[in-house]
2 protein chains.
Amino acid sequence: MHIKAVTLDRMFHALADPARRSMVDRLINGPATVSDLAKPLAMSLPAVVQHLAVLENSGLVKSEKTGRVRTCRIEPKALRTAEDWINERRTLWERRLDRLGEFLAEMGDSDKKLEEKKP
Amino acid sequence: MHIKAVTLDRMFHALADPARRSMVDRLINGPATVSDLAKPLAMSLPAVVQHLAVLENSGLVKSEKTGRVRTCRIEPKALRTAEDWINERRTLWERRLDRLGEFLAEMGDSDKKLEEKKP
DNA sequence: ATGATACTTAAGTATGTTCTTAAGTGTTGA
DNA sequence: TCAACACTTAAGAACATACTTAAGTATCAT
C-alpha cells in the first residue's frame, strides 16, 4: 500500500531531531507524562511540549490528559510506516542488483567490467 | 552498534522532503545525472542541486563528476542505518510487550484490566 | 481556601530551510 | 572557434523551526 507523502514528511521530520528521538526512546519503555519526557532534556518545558506536538502531528505519539497530567504513549504502527518506506526501497534496490547480476551472467564472464563494481 | 545522533539527524531530515524522496526513488533504479534527477521535478536546477547536497551530506547519495556530467548513485548502506534505528525501537517495543504479557499471566486472568489494552 | 503541581498559551527572537533569479565555469560537438 | 550544454555559485526573499521567558489555567493535597 502506498503512503501519503505528507505523512512521510511529518514522520521523518519528527525523527530528525535528537530531542524528539530521545522522547521516542523513553516512550518505548512505556507511557510517560510530559514532565517525565522533559526531565532528561536540557530545555524548558514549553519547548518539550512543542516537540511533543510535532511527534503527535506525525502520528508517532498519542497522548491524553487525565486530571492535570498528560500521559503519552507511542503508536508503534506509525513507526512501522517509516520502516516500510525504507524497506521497500532497499528491496527494490536488491531486486535491481539481482537483475543486473543475471544480465551479466548471460553476457558470459569475459566482459564483466561494464559499469558497476560489486555491492 | 550505536549510530551518531548527527548522522540520524541528517538522514531523517534528508528523507523528510518529497523532492528528495523522489530523487532517492529515481536512484533506486540505477545511477542518474543531475539533469535526470531534475527532469520530473517542478523546480529550478539550482534547487535540485541543493537537495542533492542535502542527500550527499546525509550519506544517502554519492556523486562524482566526469567531464561536465555529475553522476549520482545511492549508498544503500546508509538507508540501512535509518532502517536499523527504527527496527531497534520496534524490537524493544515488542520485547516490552512480551514482558508485560508474562507479568499479566503470572498475576492470573482475574484482574487483567490494569493499564493497557491489547496492542 | 491556598499553595504547589502540571501543564498551557502567547509572543518574541535567532536561526535554518527552500526556493528563486542572475551570472559564472568548465566541457563538448560542429 | 564558438555556441550549446551541464552544471555551479551567489545572493536574496519567504517561510518554517527551535528555542526562550512570562503569564495563565486547571487540578490536587492540605
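Any value given below was found using the heavy atoms of this structure, including those in side chains, with hydrogens, waters and symmetry copies removed.
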Whole-Å distance between [N] [atom2] and [X] [atom1]?
{"X": "B/Leu55", "N": "C/dT17", "atom1": "CG", "atom2": "C1'", "answer": "14 Å"}
{"X": "B/Leu45", "N": "D/dA10", "atom1": "CG", "atom2": "C1'", "answer": "15 Å"}
{"X": "A/Arg10", "N": "D/dT17", "atom1": "CZ", "atom2": "P", "answer": "11 Å"}
{"X": "A/Leu41", "N": "D/dA18", "atom1": "CG", "atom2": "C1'", "answer": "13 Å"}
{"X": "A/Asp9", "N": "C/dT17", "atom1": "CG", "atom2": "P", "answer": "15 Å"}
{"X": "A/Glu56", "N": "C/dC7", "atom1": "CD", "atom2": "C1'", "answer": "13 Å"}
{"X": "B/Glu64", "N": "C/dT27", "atom1": "CD", "atom2": "P", "answer": "15 Å"}
{"X": "A/His51", "N": "D/dA16", "atom1": "NE2", "atom2": "P", "answer": "18 Å"}

Single-linkage hydrophobic cluster, 4.5 Å side-chain cutoff, A/Leu37 and A/Val69 together: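 No, no single cluster joins them.
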
Same apolar cluster: A/Leu15 and A/Leu52, side chain cutoff 4.5 Å: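 Cluster IDs for A/Leu15 and A/Leu52 match.
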
Choose from [options] the nucleotide whose nearest atom is closest to any side-chain atom of [X].
{"X": "B/Asp17", "options": "D/dC19, D/dT8, C/dC19", "value": "C/dC19"}
{"X": "B/Val54", "options": "C/dT18, D/dA6, D/dA18", "value": "C/dT18"}
{"X": "A/Gln50", "options": "C/dT21, D/dA4, C/dA11", "value": "C/dA11"}
{"X": "A/His13", "options": "D/dT17, D/dT8, C/dC19", "value": "D/dT17"}
{"X": "A/Met43", "options": "C/dT20, D/dC7, D/dT20", "value": "D/dT20"}

Sugar-phosphate only, base, or nothing, as touched by A/Ser44 at under 4.0 Å among non-hydrogen atoms: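 Here A/Ser44 touches the bases of the nucleic acid.
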
Under-4.0 Å side-chain N/O to phosphate OP1/OP2 contact, A/Lys65 with C/dA6: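 So the side chain of A/Lys65 is outside the cut-off, no N or O lying under 4.0 Å from OP1 or OP2 of C/dA6.
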
Contact under 4.0 Å: B/Ser35 side-chain N or O vs D/dC7 OP1/OP2: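 Checking B/Ser35 against D/dC7: at least one side-chain N or O falls below 4.0 Å of OP1 or OP2.
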
Cation-pi check, B/Arg90 onto B/Trp93 ring (under 6.0 Å, within 45° of axis):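 B/Arg90 over B/Trp93 ring: no.
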
Closest heavy-atom pair and its distance - B/Arg26, B/Pro31: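 Distance-wise, the nearest heavy atoms are NH2-O, 3.6 Å.
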
Along DNA chain D (nearest heavy atom to each residue), the more 5'-positioned of A/Ala16 and B/Leu52: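 Looking at the nearest nucleotide for each, B/Leu52 comes out on the 5' side.
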
Toward the 5' end of DNA chain D, by each residue's nearest nucleotide, A/Gly67 or A/Ala47: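 Its nearest nucleotide lies further toward 5', so the answer is A/Ala47.
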
Check: A/Arg68 side chain, C/dC7 base, donor-acceptor under 3.5 Å: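 No.
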
Aromatic ring pairing A/Trp85/A/Phe12, orientation class (parallel under 30°, perpendicular over 60°, tilted between):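 Perpendicular, since the angle between the ring planes exceeds 60°.
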
